[in-house]
Amino acid sequence: MNLRRDFYKILGVSKSASVRDIKKAYRKLALQLHPDRNQDDPTAADKFADLGSAYEVLSDEEKRKQYDAYGEDGLKEGHHGSHNDIFSSFFGDFGFMFGGNRQGQQDRNIPRGNDIVLDLEVTLEEVYSGNFVEVVRNKPVAKEAPGKRKCNCRQEMRTTQLGPGRFQMSQEVVCDECPNIKLVNEERTLEVEIEQGVRDEMEYPFIGEGEPHIDGEPGDLRFRIKVMKHPVFERRGDDLYTNVTISLVEALVGFEMDITHLDGHKVHIVRDKITKPGARVWKKGEGLPNFDNNNIRGSLIVSFDVEFPETQLNDNQKEGVRAILKQASVQKVYNGLQGY
Amino acid sequence: MDNCTGHSHFLLSAFLLTCLFGLSLGTELSFVTCGSVVKLLNVKHNVRLHSHDVRYGSGSGQQSVTGVTTVEDSNSYWSVRGTSGAQCHRGTPIKCGQTIRLTHVNTGRNLHSHYFSSPLSSNQEVSAFGEEGEGDHLDEWTVQCGGAVWQREEAVRFQHASTDALLSITGEQYGRPIHGQREVHAMMGPSQHSLWRAMEGVYMKPSESPLGNKDYSHPLHTEF
C-alpha cells in the first residue's frame, strides 16, 4: 500500500478546505467510487479505501494537523472506523442504492420495519451556501442472543380424528423456531447534506436507519427538507426577491446602498435617476444556485417603495416644491381595481 | 472516529466515562436539542408515549395519546419544537424550564391537554391536537429538569403550561381496539408516575451556520 498518498488530491479539495468542503467532496466521490458501482474496475476497492482514509484523516482536526505537518507516515495510530462505517454515516446501513432501489430486493417476503420520514428545517442561508447537519441516531439493533424464540406465528386449522368418521377442526397457533434475537440500543452519527439550491420536499434517505423489524430488515430513515421563511429574502425557484423602503428624497435625487446577502457578501446598488415606487432593480447572478448545476444562479430582484416625510409643508415650502419639480397637475380619475 | 479528546468542552463527567467505553454508547451529544425527534419512555411504567389515528370515545373526542410497550413502533416519535411565539433553532439545547411543543411525527398533531376527563382514570385528558404541527396555546409544555439543560440520561417531567398538570401514566390499560396500551393523562403534583426519559430517536447536533457569525448559529461552547 502506498503510504505517501496525497489526501487533498484524492478528495479533490484545496489545502484550505473547510470540514464542510471535505464532507461534501467525500459524499460526492463515495457514490461514484463505490466498488459495487464499478464492478469492472479492479482498482475500485483500493480507490474507495483511499477515499475513506483521506476523509478519515482530513475531517479530524488532530489527524489533519499531523498529516499536514508530517505526511501520512507521521500519522500516529492505525485507522479506526472501517470504510463502510464512514460510508454508512452518509448513506445508511445497507450502503447502497441505485436510483432508489435497494439491491437484492427480489425476495419481497422479507418483512421490513417502518420507514421514518422526518422534516428537516433548513435556513435560506443553508440553501445558498450548503451545509452538513450531524445527527445522532439512537435505535434498537437486533443482536443474537442465546437460545431460541418463536417466530412467524400464525393461525392454522388443524384437523384431528376423534374416531372412525369423526373429525374435529380447530384453530391452533403454530410458530417456527428462530435464533433468539434481542434488541439493543446503539447510536451513531449520521451526516445529512443540505445541498446548495435544495428545494422543499426533497428527501435524503438513509438506508436501514428506520425502525427495526425483529423478523426482518429495518426500514429507512428519510429527511425531508423544509425551507424556512426568511425575514429578508423570498425564494421563487432560483430567484430571490427582497424589498427596500427609501425616503422620498432618495427616490427623487438618487442613492447608494448595500444589501447584505445570505453568505455575508454585499450587493451594491447605485441609483442616480429618480426611483419610482414599485421600481425594480434586477441583479443577475445574485439569486440562489441551481440545484442541478451550482454554477448557474438565479437573480436577485429588489423592489423599492417610498416613505413620504412625516412633516407637513408650510406655504413657502409648497411654493418651493412646485418651483423645483415643475410638474403639471395630473388628477387622472380611473378604475384601479378592475375586478380585484 | 475518535472525537473524545478533540472537543473537550462538550464533556461532562458521566459522558467522559461513556467515551472511554467506546463509540457504541456515547457520542458527542448528551442533551436534547430543538428539532430532535425522540421516543419518550415513562420510567415507572416502562412504556413509550404514542399516538395514532384513533380518537377518544369520550371527553374531547380528539386524537388519543397512549403508552405502548413495543420498542420498535414508528408511531411513538415526537418532534421537539419551540412554541409558535419563540422560535427555536435546530440543534439548540432545550433548557430546563423552557416551554416547548411535542409534535407527533406521523400525524402532525401536538401533545395537548385541557379540562376534559380522561376515559379510564378521570384525570385530566391528554390528546393530540392541531394540523401540520400548528394547534393552540394548550399545546405548550414546560420541561422540568434538574440542571441547566435537558440531559438525555435524565428523567424529566413535562408540565402543561396552561393548567400546571404533569404528563403522567398510572397504569390503567385500554381494551380493544388498542388492547394493552396505557392511558396517558395529566395530574397535579410530581410523582414517580410523571418521570420521562428521551430514548430512541434522531438528535440534531448544533450546527455551525454557513456564515459563522449570524444569529442562527449556536455557540459551540456549551459548558453546562
Side-chain angles (χ1 to χ4, degrees), chain A residues 18-20 56 59-63 77 79-81 85-86 89 113-123 125-142 183-190 192 194 206 209-214 218-219 221 223 228 262-264, chain B residues 1-7 18 22-39 41 70-77 79 81-82 87-91 103 105-106 108 132-133 152 198-217:
Chain A
S18 66
V19 174
R20 196 176 313 131
E56 197 189 330
S59 64
D60 179 298
E61 217 179 295
E62 289 295 315
K63 291 189 188 155
E77 300 119 24
H79 302 301
H80 290 272
D85 270 352
I86 297 175
S89 69
N114 294 126
D115 285 346
I116 306 171
V117 183
L118 296 187
D119 282 339
L120 183 66
E121 284 190 339
V122 304
T123 63
E125 282 81 356
E126 290 176 311
V127 176
Y128 186 80
S129 308
N131 202 2
F132 267 90
V133 186
E134 286 190 333
V135 307
V136 173
R137 172 73 174 118
N138 179 302
K139 63 177 187 194
V141 173
L183 293 176
V184 174
N185 279 9
E186 279 186 357
E187 57 186 50
R188 60 166 325 128
T189 301
L190 301 177
V192 190
I194 302 172
F206 284 77
E209 292 290 343
E211 284 306 295
H213 194 294
I214 200 141
L221 172 63
F223 289 95
M228 298 196 291
L262 293 165
D263 66 348
Chain B
M1 270 180 280
D2 185 2
N3 274 322
C4 290
T5 49
H7 300 279
T18 58
L23 295 171
S24 61
L25 282 178
T27 54
E28 307 88 51
L29 192 61
S30 64
F31 39 79
V32 181
T33 56
C34 239
S36 296
V37 172
V38 302
K39 287 188 180 170
L41 177 79
T70 341
V71 176
E72 68 273 31
D73 188 332
S74 62
N75 256 335
S76 305
Y77 282 110
S79 184
R81 298 166 66 220
Q87 221 198 353
C88 194
H89 294 301
R90 188 191 72 217
T103 307
V105 171
N106 283 358
E132 297 191 17
R152 290 171 58 192
M199 301 291 290
E200 301 78 18
V202 180
Y203 293 84
M204 301 287 149
K205 282 172 131 186
S207 248
E208 245 180 63
S209 105
L211 274 186
N213 56 2
K214 258 264 176 98
D215 235 5
Y216 298 94
S217 82

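Chain letters run A, B, ... following the sequence lines, proteins first and then strands; every chain starts at 1.
Contact record, A:Asn114 with B:Ser74: OD1-OG, 3.2 Å, taken as the closest heavy-atom pair. Taking each heavy atom of B:Glu200 and A:Pro140 in turn, the nearest pair found is CG-CD, 3.8 Å. Across every non-hydrogen atom of B:Gly201 and A:Arg137, the tightest pair is O-NH1, 3.3 Å.
Here the OG-CZ distance, from B:Ser207 to A:Arg20, works out to 8.0 Å after rounding to the nearest 0.5 Å. Interatomic distance, CD of B:Glu72 versus NZ of A:Lys139, reported as 13.5 Å (0.5 Å rounding).
At a threshold of 4.5 Å between non-hydrogen side-chain atoms, the residues A:Val122 and B:Arg90 count as touching. Between B:Leu29 and A:Glu134 there is no side-chain heavy-atom pair separated by less than 4.5 Å.
Only the backbone of A:Phe132 has a heavy atom closer than 4.5 Å to any heavy atom of chain B. The contact between A:Phe223 and chain B is made entirely by side chain atoms (from C-beta outward), counting heavy-atom distances below 4.5 Å. The part of A:Val117 that comes within reach of chain B is its backbone (N, CA, C, O), which places non-hydrogen atoms under 4.5 angstrom from that chain. Contacts of A:Leu120 with chain B are made by side-chain atoms alone, with heavy-atom separations under 4.5 Å and no backbone atom involved.
Every residue two or more places apart in sequence or in another chain that forms a side-chain contact (heavy atoms from CB on, under 4.5 Å) with B:Ser79 is listed here: B:Val37, B:Arg81, B:Thr103, B:Val105. B:Lys39 meets the salt bridge (charged side-chain N to carboxylate O under 4.0 Å, His left out) test with A:Glu211; sequence neighbours excluded.
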Derivation of the side-chain contact (heavy atoms from CB on, under 4.5 Å) call for A:Glu187 and B:Arg152 | CA-CA 13 Å; A:Glu187 57 186 50; B:Arg152 290 171 58 192; 2.5 Å; yes
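Contact count against chain A (heavy-atom pairs under 4.5 Å) is highest for B:Asp73 among B:Asp73, B:Asn106, B:Thr33, B:Val71. Note on A:Val133, A:Val135, A:Asn138: by heavy-atom pairs under 4.5 Å with chain B, the leading option is A:Asn138.
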